[in-house]
Amino acid sequence: MISTQMLNKEQQEGVFTTEGPVLILAGAGSGKTRVLTNRTAYLIEEKGVDPFHILAITFTNKAAAEMKSRIEELVGFGGDAVWVSTFHSCCVRILRRYVDRLGFDTTFTIYDSDDQKALMKDICKRLEIDTKIYKEKMFLNVISSAKNELMDPNDFRLQAGGDYKQLKIATVYAEYQKALLKNNAMDFDDLIMKTVELLSVDAEVREAYQERFRYVMVDEYQDTNTAQFMLIKLLAGKYNNLCVVGDDDQSIYKFRGANIQNILSFESVYPNAKVIKLEQNYRSTKTILKAANEVIANNKGRKSKALWTEREEGAKVAFEQFENAQEEAYFIANDIRKRVAGGEAGYSDFAVLYRTNAQSRLLEERFVASNIPYKLVGGVNFYARKEIKDLLAYLKTIDNGRDDLAVTRVLNVPKRGIGLTTQSRVAEYAYTHDISFYDALKQAKEIPGIGKAATKIAPFVELIEHCRGMLWSEEPLAVLKYLIEETGYVAELEAEGTEEAKARIENIDELISKLADYEQTSDDPSLNGFLEEVALVADIDSYDENSDYVVLMTLHGAKGLEFPNVYMSGMEDGIFPSYMCITSDDRDDLEEERRLCYVGITRAKDRLTMTAARARMLRGETQYNAVSRFVKELPEEVLSGYIKKHATEDMPREDTYRKAKQAFKTKAFGTQPSMQTYAARKAEGITLDYGVGDRVRHIKFGVGTVTQIVEGGRDYEVTVDFDTFGTKKMFAMFAKLQKV
DNA sequence: GTTAGAAACAATCCT
DNA sequence: TGTTTCTAAC
């Protein structure tokens with residue numbers, strides 16, 4: 001049911017303009033998801049469009065799931081037939097059906113960035129490239145950008161001209177694609193590019209999808225790259241009922257190939273496009289919106305728009321600067337604790353945002369120590385963890401024997417006494433006979449110079465074959481369990497007994513329940529399907545706004561979300577804006593960073609707090625950073641806690657910047673930067689809730705017994721005999737020991 | 001072939 | 001600081 005009275009005039013226009021190309025410029029918090037869902041409902045219920053003919057594309061599974069459930073709520077019957085998916089899963093779905101027409105097997109595996117790197121390493125070795133001069137990552141970056149621009153190895157070679165380095169990259173690119181094809185694998189960029197290729201080359205497939213997708217909608221359009229643009233253009237190519245929603249001020253994925261021209265020149269590509277602007281914000285207070293507007297106004301070359309709200313003024317934006325990052329973390333944790341205790345809000349009403357994942361560690365430690373429930377989004381992806389990747393590699397080997405990477409990963413895990421020499425002999429044999437690594441293993445006895453290693457290989461092959469046999473009659477879950485049992489993977493970890501090993505076992509248990517869950521919820525469960533789902537999950541997908549925890553994540557991760565209380569931490573020049581973009585000579589980089597700041601500010605509904613530290617430890621070195629220039633761009637009247645005169649106007653410029661920093665460094669070291677924590681200065685010393693003989697837990701060393709406590713000034717030196725790490729001496733304030 | 005300890009090295013953000 | 005790669009000894 002569509003309730004138009006709930007929509008403002010512009011939103012209604014977005015809902016009712018269903019025919020032809022439409023560009024909706026939707027400012028932050030202007031209710032774009034509401035427009036998209038209502039539009040879909042309108043198409044189905046009022047215009048009688050079969051849900052089968054509607055496609056909606058988002059960037060994350062979480063956004064897709066959310067949109068899907070909201071559509072189903074609105075239309076009741078048939079809503080689940082709408083194809084709502086991410087770019088990547090949409091492409092996979094098409095490719096799984098037709099990619100054999102491009103010479104791939106439809107059971108292809110998807111490589112993540114670790115896999116890409118491993119493959120690239122092999123290639124560099126084979127081509128005898130000195131990876132000290134040309135780094136693997138450089139090749140991968142260039143290749144990725146090329147793919148985002150739909151350039152295949154040939155195109156790349158052509159544009160290289162006579163440039164030596166470019167030609168070298170072209171060779172590597174070609175070799176890389178060859179290896180992927182041989183392994184029957186694709187990387188993330190391939191998923192899009194191959195689909196575009198398929199649709200361009202194969203008229204039959206193209207017409208089938210064009211006929212199907214009579215209405216196409218794209219969310220977060222500002223983040224699309226050239227390949228994705230082409231994909232959309234092709235899919236919507238027959239009926240051209242294409243509705244894209246985006247905000248150029250929130251374009252923050254240039255590094256991933258996002259092409260801001262897609263949104264800026266939409267009207268020239270589709271001259272008859274209808275443009276609708278959503279400028280009323282329903283999320284933030286006037287103060288927060290003013291802060292956001294002022295900051296983003298410093299950018300040039302954007303579609304002008306001004307967000308406004310009917311909401312109240314609200315609290316000022318708080319700014320706090322601390323001596324170091326520890327104090328900063330302490331303040332944030334304490335502030336949240338106080339507000340929750342005061343009944344002002346629940347934990348889930350808070351989000352702490354930062355620029356880099358590395359900043360999460362201190363916050364996390366502090367939250368653990370303060371017993372604040374939190375959820376860390378991002379960092380090391382669950383599926384990128386060693387133990388998970390190992391088990392997945394087994395499953396991949398079982399599923400697709402052509403994936404050499406997966407096979408080599410687990411061939412000697414657990415240790416089977418198959419070393420590097422044997423491995424390279426097999427690889428060589430496979431290469432010269434033009435067969436897969438796994439097939440070579442099957443004929444291990446024939447391989448010259450392998451000797452007794454063949455007897456070590458046989459059980460591995462048997463294991464894989466047995467599992468393949470199992471799949472005929474049993475669910476993938478049974479295979480995984482059998483695998484864990486047979487390889488002794490968990491048993492080995494249990495024997496280790498460390499905290500780390502325990503965490504790994506927990507992860508494995510989680511993998512088991514994920515697979516079980518998949519088998520329950522999927523209508524046609526298969527090993528291949530599970531591996532695909534796993535390859536495409538993003539960190540953000542695991543975030544659940546209904547659980548009562550504080551969320552910790554990067555500013556990038558926060559896009560599309562909203563919270564009553566937001567902390568933007570690490571507001572320092574060199575951190576945010578990042579060192580990389582300050583030193584870059586491309587002015588656009590700073591603008592992108594500013595957009596990121598805009599995204600961060602507009603996440604907050606009621607209260608926004610910015611924090612900074614004077615000194616921060618970065619890669620083992622203490623850095624002294626000035627307050628972020630973005631803080632200085634905030635209008636004075638929205639700020640509290642920060643007196644502008646401290647933000648000296650005489651901030652040295654780029655060239656003198658380093659010198660000044662150096663001077664500050666030496667001075668600071670001379671006077672011994674204060675080692676006291678914020679807690680100590682605020683509370684005049686600390687009290688311990690444990691004594692000699694008590695059992696305590698340390699975040700890293702695990703559980704141990706306190707053997708000695710020595711008082712020293714405001715702190716205590718505590719000696720703990722840890723169960724697994726031996727005896728350590730530490731200061732109570734830093735150790736954050738917890739009584740158990 | 002395996003392992004532990006030393007040395008080198010690293011520069012965001014993500015599907 | 002934390003992780004990956006190298007080296008030497010078992």
Side-chain angles (χ1 to χ4, degrees), chain A residues 57-64 85-92 110-114 116-118 121 131-132 135-137 140-141 144 147-148 186-193 220 223-225 227-228 251-258 325 353-362 365 377-381 383-384 386 412-424 451-453 456 532-541 553-559 570 574-584 589 592-593 595-597 599-600 616-623 700:
Chain A
I57 294 185
T58 61
F59 270 86
T60 65
N61 294 300
K62 182 177 148 54
S85 83
T86 65
F87 270 105
H88 291 90
S89 48
C90 169
C91 288
V92 170
I110 300 164
Y111 277 1
D112 66 17
S113 47
D114 283 342
Q116 287 179 279
K117 223 174 134 197
K121 221 171 141 181
T131 51
K132 289 235 159 71
K135 298 219 166 76
E136 290 100 331
K137 232 177 115 190
L140 288 170
N141 281 336
S144 173
K147 287 181 178 177
N148 288 334
M186 292 196 199
D187 63 23
F188 282 119
D189 303 311
D190 280 335
L191 296 178
I192 314 283
M193 186 170 165
E220 306 282 12
D223 292 330
T224 52
N225 59 39
Q228 288 161 335
S251 160
I252 53 172
Y253 282 110
K254 190 176 151 209
F255 73 93
R256 201 165 76 179
L353 310 180
Y354 37 80
R355 180 68 237 268
T356 66
N357 280 307
Q359 288 166 256
S360 68
R361 238 195 62 249
L362 286 177
E365 283 175 13
V377 178
V380 190
N381 188 315
Y383 294 103
K386 185 184 172 295
N412 200 27
V413 178
K415 300 261 163 348
R416 296 189 173 89
I418 306 168
L420 236 80
T421 345
T422 310
Q423 228 183 75
S424 47
K452 48 194 180 306
K456 294 174 182 161
E532 170 186 319
E533 198 173 286
V534 153
L536 296 177
V537 291
D539 298 313
I540 190 68
D541 298 339
M553 62 181 151
T554 63
L555 287 151
H556 281 89
K559 200 173 64 154
I575 301 287
F576 186 38
S578 73
Y579 175 77
M580 295 292 267
C581 92
I582 291 176
T583 48
S584 155
D589 289 348
E592 171 136 331
E593 205 82 348
R595 289 194 288 271
L596 189 56
C597 185
V599 168
R616 182 180 297 271
M617 192 78 116
L618 206 67
R619 277 202 308 278
E621 243 187 321
T622 308
Q623 273 194 10
K700 204 155 148 194

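Lettering follows sequence order; numbering is per chain, from 1.
- Residues meeting the side chain to side chain donor-acceptor pair (under 3.5 Å) test with A/D589, sequence neighbours left out: A/K254, A/S584.
- The distance from the CD1 atom of A/I252 to the CG atom of A/L596 is 5.0 Å, given to the nearest 0.5 Å.
- Atom pair A/D541:CG and B/dT15:P shows a separation of 8 Å (rounding to whole Å applied).
- Looking only at side-chain heavy atoms (C-beta outward), A/V599 and A/L555 stay at 4.5 Å or farther from each other.
- If you take CG of A/L140 and P of B/dT15, they are 17 Å apart, rounded to a whole angstrom.
- In this structure, A/D189 CG and A/N148 CG are separated by 4.5 Å, a value rounded to the nearest 0.5 Å.
- Among the atoms of the strands shown, only primed sugar atoms or phosphate atoms (P, OP1, OP2) are found under 4.0 Å from some heavy atom of A/F59.
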What's touching nucleotides 8-10 of chain C from the protein side, N or O pairs under 3.5 Å?
none

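- In terms of heavy atoms, A/Q623 sits closest to A/L618 at NE2-CD2, 3.6 Å.
- Here B/dC14 presents its C1' atom at 17 Å from NZ of A/K62, a figure rounded to the nearest Å.
- From A/I575, atom CD1 reaches atom OH of A/Y354 across 13.5 Å, with rounding to the nearest 0.5 Å.
- For the pair A/L362 CG and C/dG2 P, the interatomic distance rounds to 9 Å; values are reported in whole Å.
- When rounded to the nearest whole Å, the span between CZ of A/R616 and P of C/dT1 equals 15 Å.
- Atom NZ of A/K137 sits about 14.0 Å away from atom OG1 of A/T131, to the nearest 0.5 Å.
- Rounded to an integer number of Å, the gap from CG of A/N141 to C1' of B/dC14 is 12 Å.
- Applying the side chain to side chain donor-acceptor pair (under 3.5 Å) rule to A/S113 yields no partners; only residues at least two apart in sequence or on another chain are considered.
- Taking the C1' atoms as reference points, C/dT4 lies 22 Å from B/dC13, given to the whole Å.
- As a whole-Å value, the separation of A/L536 CG from B/dT15 P is 11 Å.
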Could you go over nucleotides 1-4 of chain B and give all protein N or O partners under 3.5 Å, atom names and distances?
{"unit_1": "B/dG1", "atom_1": "OP1", "unit_2": "A/T422", "atom_2": "OG1", "d": "2.6"}
{"unit_1": "B/dG1", "atom_1": "OP2", "unit_2": "A/T421", "atom_2": "OG1", "d": "2.4"}
{"unit_1": "B/dT2", "atom_1": "OP1", "unit_2": "A/G417", "atom_2": "N", "d": "3.2"}
{"unit_1": "B/dT2", "atom_1": "OP2", "unit_2": "A/N412", "atom_2": "ND2", "d": "3.3"}
{"unit_1": "B/dT3", "atom_1": "OP2", "unit_2": "A/K415", "atom_2": "NZ", "d": "3.4"}

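- Between A/H88 and A/F188, the ring-plane angle classifies as perpendicular under the 30° and 60° cut-offs.
- Every residue meeting the side chain to side chain donor-acceptor pair (under 3.5 Å) condition with A/Y111, not counting sequence neighbours, appears here in chain and number order: A/N183, A/D403.
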Exercise for the section: Show your working on side chain to side chain contact (heavy atoms under 4.5 Å, CB included) between A/R616 and A/Q359 and close with a plain yes or no. Expected result: CA-CA 10 Å; A/R616 182 180 297 271; A/Q359 288 166 256; 4.1 Å; yes

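- Note on A/K121: only backbone sugar-phosphate atoms sit closer than 4.0 angstrom, heavy atoms only; bases stay farther off.
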Could you go through nucleotides 6-13 of chain B and list every protein N or O atom that sits under 3.5 Å from one of its N or O atoms, giving the distance for each pair?
{"unit_1": "B/dA11", "atom_1": "O4'", "unit_2": "A/R619", "atom_2": "NH1", "d": "3.4"}
{"unit_1": "B/dA11", "atom_1": "N1", "unit_2": "A/R619", "atom_2": "NH2", "d": "3.0"}
{"unit_1": "B/dA11", "atom_1": "N3", "unit_2": "A/R619", "atom_2": "NH1", "d": "3.4"}
{"unit_1": "B/dA11", "atom_1": "N3", "unit_2": "A/R619", "atom_2": "NH2", "d": "2.9"}
{"unit_1": "B/dT12", "atom_1": "O2", "unit_2": "A/R355", "atom_2": "NH1", "d": "2.3"}
{"unit_1": "B/dT12", "atom_1": "O2", "unit_2": "A/R355", "atom_2": "NH2", "d": "2.6"}
{"unit_1": "B/dT12", "atom_1": "N3", "unit_2": "A/S578", "atom_2": "OG", "d": "3.4"}
{"unit_1": "B/dC13", "atom_1": "OP1", "unit_2": "A/N357", "atom_2": "N", "d": "2.6"}
{"unit_1": "B/dC13", "atom_1": "OP1", "unit_2": "A/N357", "atom_2": "ND2", "d": "3.3"}
{"unit_1": "B/dC13", "atom_1": "O4'", "unit_2": "A/R355", "atom_2": "NH2", "d": "3.2"}
{"unit_1": "B/dC13", "atom_1": "O2", "unit_2": "A/R355", "atom_2": "NH2", "d": "2.6"}

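- The nearest whole Å value for the distance from the CG atom in A/D114 to the P atom in B/dT15 is 14 Å.
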